[in-house]
Visitor: 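First, the structure itself, so that you have it in front of you.
Note that these values count all heavy atoms, side chains included, but never hydrogens, waters or copies made by symmetry.
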Amino acid sequence: MEISSVPVVTALHEIKSISGKFQRQMYDRLLEQPPPGLAVDEIIAHFQAMPPRYWERVTEEGLLWGLNVIHKFLQNVSTPSAIAPVLDWKQYPERGFTKVMLCTWDRLGLLSKVASAFSAVRVNILSAEAYTRADNIILDVFRVCDENGQAVANPDRFQQTLFLLEGSLSEPPRFASIWANSRHKIEKRKAPAVLDISFDNRTLKEHTILFIETNDRLGLLSDILEALTLCNLNVAQAIIETDQTLARDSFYLTGSDHKKIEDESALKKIETSVALAIRG
């Protein structure tokens with residue numbers, strides 16, 4: 001896999017991607033006083049390489065957290081082909097979820113593999129945001145809960161998730177990861193009583209929104225994301241909402257050319273693939 005490098009620059013006006021009051025203020029502050037353990041070039045690279053959508057959403061807490069997670073990842077990898085994903089988490093028990101941050105090299109189908117690993121350890125994904133830096137580093141942010149709808153309190157679940165993810169990303173993949181991540185596929189399932197799939201190409205300029213409403217079950221998100229991967233789609237964001245037993249999910253998509261999917265035959269193919277994955 002070829003990894004493009006991000007050139008380091010030293011003056012604010014040279015980084016054309018910086019826009020907005022928050023981004024500019026944080027850039028100046030962090031360069032003036034870098035967080036402990038972080039080099040100035042790491043900060044510059046992050047501000048230069050993260051996509052605009054990231055800066056529209058990130059908070060100061062999330063920015064500092066992401067910088068440290070990426071720093072840890074880069075310390076762990078010895079070559080661009082090394083896997084060494086980093087998984088870090090923060091609990092928000094009063095809000096009923098745990099926030100998880102993942103950093104590794106980008107690759108097609110990564111989000112599907114992460115969802116499978118979470119599903120294998122009975123962790124439910126409430127939302128997912130996927131950001132890819134210009135140097136091919138991904139920073140994914142998840143809100144997750146346990147099977148009781150509470151923040152995941154046991155750190156062993158995340159250690160198990162990391163173990164399964166590392167195994168599924170290995171070449172060849174480890175058998176233990178393949179078995180655990182696909183175990184839900186052999187469980188008996190009922191045909192969904194509700195299945196509604198639709199697309200929105202009007203609301204957003206850069207993404208096609210896929211809406212899915214269906215009966216929730218173990219491994220549902222993993223199966224949907226696997227189908228989207230097989231259609232060569234990029235998932236920039238996923239919002240997962242479950243009301244009792246009904247899942248209402250939204251996926252922000254682009255094609256392999258990183259553009260919206262507007263061809264009717266392509267949309268029909270996606271709809272058919274997703275429906276087959278849900279029905280099993």
Side-chain angles (χ1 to χ4, degrees), residues 1-92 98-108 110-111 114 127-143 155 158-159 161-162 165-166 169 206-207 234-237 252 254 258:
M1 175 171 50
E2 183 178 349
I3 308 300
S4 59
S5 62
V6 177
V8 175
V9 295
T10 56
L12 177 62
H13 69 272
E14 292 182 77
I15 303 182
K16 296 182 174 59
S17 61
I18 288 189
S19 62
K21 185 177 179 181
F22 169 77
Q23 188 180 1
R24 192 171 292 270
Q25 285 179 341
M26 290 304 302
Y27 180 84
D28 289 338
R29 186 191 310 174
L30 292 174
L31 282 194
E32 182 178 347
Q33 188 174 1
L38 288 178
V40 169
D41 61 346
E42 293 180 81
I43 296 169
I44 294 174
H46 194 68
F47 275 79
Q48 186 181 25
M50 287 300 280
R53 186 171 52 85
Y54 171 80
W55 299 109
E56 294 170 1
R57 293 177 165 273
V58 70
T59 63
E60 181 175 347
E61 178 189 20
L63 172 60
L64 295 173
W65 187 18
L67 281 167
N68 281 292
V69 169
I70 292 173
H71 174 77
K72 184 177 180 180
F73 168 68
L74 292 175
Q75 282 188 316
N76 289 349
V77 295
S78 56
T79 65
S81 61
I83 301 170
V86 171
L87 201 67
D88 198 15
W89 55 89
K90 295 182 178 181
Q91 295 181 18
Y92 297 88
T98 298
K99 188 172 284 189
V100 181
M101 192 172 284
L102 168 71
C103 182
T104 187
W105 299 121
D106 189 26
R107 65 188 68 198
L108 183 65
L110 176 64
L111 201 57
V114 178
S127 69
E129 297 180 16
Y131 302 106
T132 305
R133 290 198 344 178
D135 53 0
N136 212 42
I137 291 174
I138 66 97
L139 195 65
D140 289 351
V141 183
F142 303 90
R143 285 192 302 118
F158 295 122
Q159 295 296 343
T161 301
L162 182 59
L165 180 58
E166 287 177 332
L169 295 177
E206 298 179 348
H207 296 92
N234 301 302
V235 181
Q237 183 180 358
Y252 295 71
T254 58
H258 300 287

Visitor: Determine the minimum heavy-atom distance between L111 and D140, stating which atoms define it.
Guide: CD1-OD2, 3.9 Å

Visitor: Heavy atoms only: give me the nearest G62-Y54 pair and the separation to one decimal.
Guide: O-OH, 4.2 Å

Visitor: Please determine whether side chain to side chain contact (heavy atoms under 4.5 Å, CB included) holds for the pair L74 and I137, giving the CA-CA distance in whole Å, both sets of side-chain angles, and the decisive distance to 0.1 Å.
Guide: CA-CA 9 Å; L74 292 175; I137 291 174; 3.7 Å; yes

Visitor: Considering non-hydrogen atoms only, spot the tightest contact between T254 and E206 and give its length.
Guide: CG2-O, 3.4 Å

Visitor: Y131 and V58: side chain to side chain contact (heavy atoms under 4.5 Å, CB included), yes or no, with the steps?
Guide: CA-CA 11 Å; Y131 302 106; V58 70; over 6 Å; no

Visitor: For Q91, enumerate each residue passing the side-chain contact (heavy atoms from CB on, under 4.5 Å) test, keeping only those at least two apart in sequence or located in another chain.
Guide: P93, T98, A153

Visitor: What's the spacing between D135 CG and D106 CG if we round to 0.5 Å?
Guide: 10.5 Å

Visitor: What do the steps show when you test K72 against N76 for side chain to side chain contact (heavy atoms under 4.5 Å, CB included), and what is the final call?
Guide: CA-CA 6 Å; K72 184 177 180 180; N76 289 349; 4.1 Å; yes

Visitor: When the side chains of residues 83-90 are checked against the rest of the protein, which donor-acceptor pairs come out under 3.5 Å, sequence neighbours left out?
Guide:
| from | atom 1 | to | atom 2 | distance (Å) |
| --- | --- | --- | --- | --- |
| D88 | OD2 | W65 | NE1 | 2.9 |

Visitor: State the CD1-OH distance between I43 and Y27, to the nearest 0.5 angstrom.
Guide: 9.0 Å

Visitor: Between atom CE of M26 and atom CH2 of W55, what is the distance when rounded to the nearest 0.5 Å?
Guide: 8.0 Å

Visitor: Which pair of non-hydrogen atoms, one from L139 and one from G66, has the smallest distance, and what is that distance?
Guide: CD2-CA, 3.9 Å

Visitor: Looking at F47 and Q23, what are the two nearest heavy atoms and their distance?
Guide: CE2-O, 3.3 Å

Visitor: Quick one: side-chain hydrogen bond (donor to acceptor under 3.5 Å, both in side chains) partners of R29, sequence neighbours excluded?
Guide: E60

Visitor: How long is the gap from CG on L30 to CD on E42, to the nearest 0.5 Å?
Guide: 12.0 Å

Visitor: Look up atom SG in C103 and atom CG in L67, then write down how far apart they are to the nearest 0.5 Å.
Guide: 10.5 Å

Visitor: For A130 and R53, which heavy atoms make the closest approach, and how far apart are they?
Guide: O-NH2, 2.6 Å

Visitor: Pick from Q237, K99, R143: which one makes a side-chain hydrogen bond (donor to acceptor under 3.5 Å, both in side chains) with S127?
Guide: R143

Visitor: Step by step, would you call I70 with R133 a side chain to side chain contact (heavy atoms under 4.5 Å, CB included)?
Guide: CA-CA 11 Å; I70 292 173; R133 290 198 344 178; 3.8 Å; yes

Visitor: Could you give the distance from CG (L110) to CG (L102), rounded to the nearest 0.5 Å?
Guide: 6.0 Å

